[in-house]
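Okay, structure first, notes after.
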Amino acid sequence: MLVHLSVHNYAIVEHLDLELKRGMSVISGETGAGKSIMLDALGLTLGDRADSSIVRIGADKADILASFDLDDIPDARAWLAERDLDNDGPCILRRVITAEGRSRGYINGTPCPQGDLKALGELLIDIHSQHEHQSLLKLDTHRRLLDEYSGSQELARQVQLAAQRWRQTRQTLERLSDSSDEQRARHQLLSYQLEELETLALGEDELEQLEQEHKNLANAEHLLGACRQVLDLCSESDAGNVLSALTASLNRLTAFQNQPGALGEAVNLLSSAQIQVEEAVGELNRFLDHFDSDPQRQQWLEERLDSIYTLARKHRVQPADLPALQQRLLEELESLNADDDALEQLTEELTAYARHYREKAEALSLVRQEAAETLGRAVESEIQRLGMPGGRFSVTLKPTAEGDPVPHGLEQVEFLVSANPGQPLRPLAKVASGGELSRISLAIQVITAQTSRIPTLVFDEVDVGIGGPTAEVVGQLLRRLGERGQVLTVTHLPQVAAQGHHHLFVHKARGQDETHTAVAALDGSERVEEIARMLGGVDLTEQAMAHARQMIASAQA
């Protein structure tokens, strides 16, 4: 619960320190004294938006600090632990707004974004404002209140997330499907081109080998003639050849004994030349013996090379680049196949998300159906106590049309009311007057607050437009809520104020140069005087004082 609120330089508040207790705390004061300023400042620590206009004139910043005891709020304790923000003492939320408009938030001394303050604040305090009854005209509010009452907010959130996932998956699927016609055409083209390349089956280094072989066959006659001429010159010419000349030369030189060193070296070189010429003659003979000048082989080579060159021209690449082209086309085709697989996978995911949504939404519908009847009876009982005898209230669930998953579930929730006996139940917006709407809103807020897991409830002038015996009933309802936790109530009604366990009086303290808001805790005679003032009249008569004492005693009894 909220145990301490410290406000510095906020609006007309210079400095304010409040110690708050369990039970129902009443906040009263003259109109314009600043009762709602306290709650507005508290709202800033809970993540509300702010601007520089809230900084007290002449100050450089506004500083608001709220301390909470988390013994009865395990959800908040777990939230802090998940983010390493917990400590052994109270949870302290702080908000600083500078005169230049900059804002900083802190949780237990650690800087944090405004969104974190808001998320944590929703676990700490539930605020009901005097304008909240206007939101009762919206069906979204009806659904939210029913889900809060039934404790199915988490299930409702899961239904919403399931619908979002389904919608996002469908959008992705539609984008892929829209491009599928173009992809199929590209797929067909790539398949045909790859089939041509695979049929060609150009091997590694095959082109170079084919070109060399074709070149050899094309020059076969010239090559054979040259080989024969060389053989003739080296070994076969009767008129003289290289081998016979080398042999004769060696015979002449080796006929001399005791050859000088230079002559011996010349003999060695001639011997080596003779051996190399003999080996060259052997290689030429082997080439001529195995040379294949088959015309059919040459024709096949020309056809094979023509296929390669034609396909290269078709794809506008060099013939040697055809293998690399084939690899690129294959990778692109695999990518398209992956898109097809993704399309199939997304289709399966879409079906799974729809099934998951249906399961969660049907579970939510069952909870809503059970809670709708209970909530309807409870609110009906309260509005009859709040000055609408014979009034009826019902919570209806209208199934939505079959179709795509929607975030709010399988039904629309709507509140129906009959303000007077004998009248049929009709939508709230078409029946209730302003005063009736305010009472119905108060009844709903009190009933839903009883099932809230949040121990601190704030009611900011929710009793506007109510008076007489009805006001006393309102006070009793709020006191009953305070007995199970902490309730802060801003009110102008003495019937409500008398029901409080504690009473805080907000007033303006005027100095010579400035005015600021102050808060005093009332007890005993001071509280009696404030209730008497709220009963009316400029002067506090003994009759008004006696009436105030009686109201307080009756509430305590």
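Just so you know, these numbers come straight off a predicted model, no measurement behind them.
Across all non-hydrogen atoms, the minimal contact from E380 to G391 is CG-O, 3.5 Å. The two residues I12 and K508 have their closest heavy-atom pair at CD1-CE, 4.0 Å. For the pair L410 and R358, the tightest heavy-atom approach, listed with the atom from each and the gap, is CD2-NH1, 3.6 Å. The minimum heavy-atom distance linking I447 with L375 is given by the pair CG2-CD1, 3.7 Å. Residues I383 and A443 come closest through the heavy atom pair CG2-CB, 3.7 Å. Among all heavy-atom pairs drawn from R77 and N87, the shortest one is NH1-O, 3.2 Å.
Between D140 and R143 there is a salt bridge, since at least one side-chain N of the basic residue sits less than 4.0 Å from a carboxylate O of the acidic one. A salt bridge is absent between E122 and K118: the closest approach of a Lys/Arg side-chain nitrogen to an acidic carboxylate oxygen does not fall below 4.0 angstrom.
Residues V490 and V506 are not in side-chain contact: their nearest non-hydrogen atoms beyond the backbone lie 4.5 Å or more apart. Within the 4.5 Å cutoff, no side-chain heavy atoms of Q495 are placed close to those of V474.
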Where do E382 and R385 land on the salt bridge (charged side-chain N to carboxylate O under 4.0 Å, His left out) test, with the steps shown first? CA-CA 5 Å; E382 293 298 343; R385 294 181 61 201; 3.5 Å; yes
Before giving the answer on salt bridge (charged side-chain N to carboxylate O under 4.0 Å, His left out), spell out for R102 and D51 the whole-Å C-alpha distance, their side-chain angles and the decisive distance to 0.1 Å. CA-CA 8 Å; R102 293 190 298 273; D51 56 62; over 6 Å; no
Could you go step by step and tell me if R94 and I64 meet the side chain to side chain contact (heavy atoms under 4.5 Å, CB included) rule? CA-CA 6 Å; R94 183 185 176 203; I64 305 104; over 6 Å; no
Stepwise side chain to side chain contact (heavy atoms under 4.5 Å, CB included) check, T400 with Q412: CA-CA 7 Å; T400 55; Q412 282 281 9; 4.2 Å; yes
Take D63 and R95, measure what salt bridge (charged side-chain N to carboxylate O under 4.0 Å, His left out) needs, and give me the verdict at the end. CA-CA 6 Å; D63 196 334; R95 189 79 176 274; over 6 Å; no
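By the salt bridge (Lys or Arg N to Asp or Glu O under 4.0 Å) test, E370 is found to be paired with no residue, residues two or more places apart in sequence or in another chain being considered. With sequence neighbours left out, the salt bridge (Lys or Arg N to Asp or Glu O under 4.0 Å) criterion links R392 to no other residue. Annotation: side chain to side chain contact (heavy atoms under 4.5 Å, CB included) contacts of H502 (sequence neighbours excluded): K21, S25. For R426, there are no side-chain hydrogen bond (donor to acceptor under 3.5 Å, both in side chains) partners at least two apart in sequence or on another chain. Applying the side chain to side chain contact (heavy atoms under 4.5 Å, CB included) rule to A363 yields the partners L155; only residues at least two apart in sequence or on another chain are considered.
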Please output the side-chain donor-acceptor pairs of residues 1-10 that fall under 3.5 Å, not counting sequence neighbours, one pair per line with the distance.
residue: H4; atom: ND1; partner: L18; partner atom: O; Å: 3.2
residue: H4; atom: ND1; partner: E19; partner atom: OE2; Å: 2.7
residue: H4; atom: NE2; partner: D17; partner atom: OD1; Å: 3.2
residue: S6; atom: OG; partner: H8; partner atom: NE2; Å: 3.1
residue: S6; atom: OG; partner: D17; partner atom: OD1; Å: 3.0
residue: H8; atom: ND1; partner: H15; partner atom: ND1; Å: 2.8
residue: H8; atom: NE2; partner: H15; partner atom: ND1; Å: 3.3

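Under 3.5 Å, the side chains of Y106 and R104 contain a donor-acceptor pair of N or O atoms.
Heavy atoms of other residues, nucleotides or ligands lying less than 6.0 angstrom from CD of E195 number 12 at most.
Taking the ring centre of W79 as origin, the terminal cationic atom of R83 falls inside the region bounded by 6.0 Å and 45° from the ring axis.
Taking CZ of F459 as the start and CE of M24 as the end, the distance is 9.5 Å to the nearest 0.5 Å.
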